Amino acid sequence: MNIHEARLADAAAIAKVHVDAWQTTYDGLLPDDYISQRSCAQRLQKWTKRLNNNSHSQQTKTYFTYVAENEAGKIVGFIDGGLLRGNSATYKGEIYALYILTAYQRQGFGKRLVQAIATRLSELGLTSIVVWVLAGNPAINFYQALGSQLIGHKTLKIGNAKFIEFAYGWRDTQILLTI
């Protein structure tokens, strides 16, 4: 297992993981037509832009993406995070997304990716992190096992349907670095 900061050359692999993991994660949780709208070409364009922007802003970088590679060097998961999107007196950092291909879940990739983001955010003085998780997503158990606490919720509207998203947080990222 290898964890490293994403490079522009990783964009296509990240896009593929993003679409594949998104489809398996949200199958049965979100409408099928909403899930099927995601494409590798669409994600590739977004990831290329995101990673290209990151490579040009090294001095003021407050957004990070890490990838997990299996033993053969294939990218099987990713995490991205940075400054909290929103306001909170307690939480300053945020995990924006964490996706791992189904075949590689429960093998430590997720934990190592969360630790990579927690370490990087800690280096910026951001020692508290929040992550938003759709109700019904099995990842809730993963975040709870890593010591997060339920800190809030919000309602999302997708099409004509409403969904609940829960916020889980760590007040001190040191817990993530020692598990």
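Side-chain atoms are counted along with the backbone in the values below, which use heavy atoms only and exclude waters and symmetry mates. Along the sequence shown, residues carry numbers from 1. Just so it is clear, the structure is predicted and the values come from calculations on it, not from any experiment.
Gln23 contributes no side-chain N or O that, together with a main-chain N or O of Ser36, makes up a donor-acceptor pair within less than 3.5 Å. Of the possible polar contacts, none joining the Glu5 side chain to the Phe64 backbone as a donor-acceptor pair under 3.5 Å is found. Here the side chain of Lys16 pairs no donor or acceptor atom with the backbone of Ile75 at under 3.5 angstrom. With hydrogens and angles ignored, the 3.5 Å screen pairs no side-chain donor or acceptor of Gln174 with any backbone N or O of Thr127. Checked by atom type and distance alone, the side chain of Asp80 pairs as donor or acceptor with a backbone atom of Ala97 at under 3.5 Å. Between the Glu94 side chain and the Arg85 main chain, a donor and an acceptor come within less than 3.5 Å of each other. With hydrogens and angles ignored, the 3.5 Å screen pairs a side-chain donor or acceptor of Asp10 with a backbone N or O of Arg7.
For residues 129-141, there are no salt bridge (charged side-chain N to carboxylate O under 4.0 Å, His left out) pairs, not counting sequence neighbours. Residue pairs meeting the side-chain hydrogen bond (donor to acceptor under 3.5 Å, both in side chains) criterion with at least one member in residues 129-156, sequence neighbours excluded, do not occur.
A 6.0 Å sphere centred on CG of Asp32 holds no more than 12 heavy atoms belonging to other residues, nucleotides or ligands. More than 12 heavy-atom neighbours from other residues, nucleotides or ligands sit within 6.0 angstrom of CZ on Arg38. The local environment of CD in Glu165 is crowded, with over 12 non-hydrogen atoms from other residues, nucleotides or ligands closer than 6.0 Å.
Side-chain contact of Tyr63 with Arg50: a donor-acceptor pair under 3.5 Å is present, judged by distance alone.
Checked against salt bridge (Lys or Arg N to Asp or Glu O under 4.0 Å), Glu123 has the following partners two or more places apart in sequence or in another chain: Arg120. Listed by chain and residue number, Tyr99 satisfy the side-chain hydrogen bond (donor to acceptor under 3.5 Å, both in side chains) test with Tyr26 (two or more places apart in sequence, or in another chain). Remark: Lys92 pairs with no residue by the salt bridge (Lys or Arg N to Asp or Glu O under 4.0 Å) rule, at least two apart or across chains. Evaluation of the side-chain hydrogen bond (donor to acceptor under 3.5 Å, both in side chains) rule for Thr173 yields Ser122 as partners, not counting sequence neighbours.
One distance of note links CD1 of Ile79 with CD1 of Ile100; it measures 8.0 Å at 0.5 Å rounding.
Ala167 and Leu150 get closest at one heavy-atom pair: O-CD1, 3.4 Å.
Hydrophobic clustering (side-chain heavy atoms under 4.5 Å, transitive across Ile, Leu, Val, Met, Phe, Trp, Tyr) groups Leu51 together with Leu83. A continuous path of Ile, Leu, Val, Met, Phe, Trp and Tyr side chains, each step under 4.5 Å between heavy atoms, connects Leu30 with Ile140, placing both in one hydrophobic cluster.
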